[in-house]
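The structure appears below as structure tokens.
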Number of protein chains: 2
Amino acid sequence: MLKLTKKADYGLMALKYLAEHPETPALSAKDVADAYGIPAQLLAKILQRLTKTGLLRSHAGMNGGYELARDARQISAYEVIHAIDGPFFITSCTKGAKGCDLTPSCTIKEPLARVNDTIAGVLKSISIQDLAEHVQPSGRPREAQGLVALTL
Amino acid sequence: MLKLTKKADYGLMALKYLAEHPETPALSAKDVADAYGIPAQLLAKILQRLTKTGLLRSHAGMNGGYELARDARQISAYEVIHAIDGPFFITSCTKGAKGCDLTPSCTIKEPLARVNDTIAGVLKSISIQDLAEHVQPSGRPREAQGLVALTL
DNA sequence: TGAATCTCGGACAGAAACGGTCGTATACTT
DNA sequence: AAGTATACGACCGTTTCTGTCCGAGATTCA
Ligand code: SF4
Ligand code: SF4
């Protein structure tokens, strides 16, 4: 529950990897998969989907591969997750989906929808760049880099 | 992914229901289950687990049932979720668990751990009471009731 | 031209998590 | 004693997740 899919996880890793190698023209799925221990074929399909949603640009053929379509600073974790795992809900009922059987009688779906938005906001405020800058966490609680409004 | 379990969902509904009926000495699992359309047997087990973790007090026998162990204001959504679905991770690796195969080579687990904490913080800041006060959302974006620090 | 490399896309299978049911034992009230 | 309600574990069908396989198209290079 409330757990990130491994695909999304892999997707974030790959994007971060690409962000860290801006010089290279393109990196193949296999390159990235080998860099970590990710199953190559699986990563391939993930990158394909990221391409289809416009987060990556692909290039077939020899020395082909993928590159970021935008600056790493302009790609949010939310977009990645959304691209890979589809629309983001905390519950089974949220807007867009058909909802669970007891959507009418349920009295907490509305407050939960706000929680959903809040969490989505957190994810949206995180960019690939943020992941790439692995500031050595020297234990010191740094300045908060952002504040997320929690309306409920 | 990142979706609340239905069990947790039911648990929150039940807790909220109990919070809304502070006068009654105890409400049986069946009462709550009927109030919404929740499968009674399933809700029963959920409430049992909440009892075992100390969020509820149970009372067997006729006219028995459950009651909140603490004030609704003192019970966070996080506790409920944690009690029902176990420890809260966003990823498969987080502290406590054995982690996934590529925990060593993974470079994003540390930033993700912070995201994890952030979201957990959001959940912790929400009490059952907050759910019960279903302030008619008149569209007007009320004052933010809290801010969550987003450190990465 | 043709071989090598790489993306694309769907099908598919094994594994795990989820949602829900059942049966039985136990505790409390009247 | 009878009735009501919690307690607990086993079980099972469904869905979701993870990962693999395979065939088809694109591009580069010799
Ligand atoms: S309707 Fe209520 S119960 Fe059904 S999914 Fe939405 S929140 Fe959970
Ligand atoms: S280690 Fe990296 S890949 Fe494995 S679960 Fe944690 S974050 Fe995801």
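Each chain gets a letter, A, B and so on, in the order the sequences are listed, and its residues count up from 1.
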### Query
Rounding to a whole Å, what distance do you find between B:Asp31:CG and D:dA5:P?
7 Å

#### Entry: Nucleotide D:dA5, atom P - distance to CD of B:Glu67 in whole Å
16 Å

### Query
Can any side-chain N or O of A:Glu79 pair as donor or acceptor with the backbone N or O of A:Ser76 at less than 3.5 Å?
yes

### Task
Mind calculating the distance between CD1 (B:Ile46) and P (D:dA7) to the nearest angstrom?
14 Å

### Query
D:dT6 C1' sits how many Å from B:Leu27 CG, rounded?
14 Å

### Heavy-atom pair of closest approach, residues A:Ala83 and A:Thr53
CB-OG1, 3.5 Å

### Message
If I compare all heavy atoms of A:Ile90 with all of A:Ile119, which pair ends up nearest, and what's the gap?
### Response
CD1-CD1, 4.1 Å

### Task
Round to the nearest Å and state the distance from B:Arg49 atom CZ to D:dT6 atom C1'.
15 Å

### Summary
Reading nucleotides 20-30 of chain D from 5' to 3' and marking B where a protein heavy atom lies under 4.0 Å of the base, S where only the sugar-phosphate is that close, and - otherwise, the string is BBB---BBB--

### Task
Have a look at B:Leu55 and tell me which of B:Leu47, B:Ile84, B:Leu50 forms a side-chain contact (heavy atoms from CB on, under 4.5 Å) with it.
B:Leu50

### Task
Calculate the interatomic distance between B:Arg57 atom CZ and D:dT6 atom P; express it in whole Å.
16 Å

### Query
Whole-Å distance between D:dT16 P and A:Met1 CE?
18 Å

### Message
Checking A:Pro39 now: which residues fulfil side chain to side chain contact (heavy atoms under 4.5 Å, CB included) with it, not counting sequence neighbours?
### Response
A:Tyr10, A:Leu42

### Query
Taking 5' to 3' order, which nucleotide of DNA chain C is first and which is last to have an atom within less than 4.0 Å of a heavy atom in chain B?
C:dG19 to C:dT29

### Task
May I ask you to say what B:Ala44 touches in the nucleic acid, namely base, sugar-phosphate or nothing, with a heavy-atom cut-off under 4.0 Å?
nothing

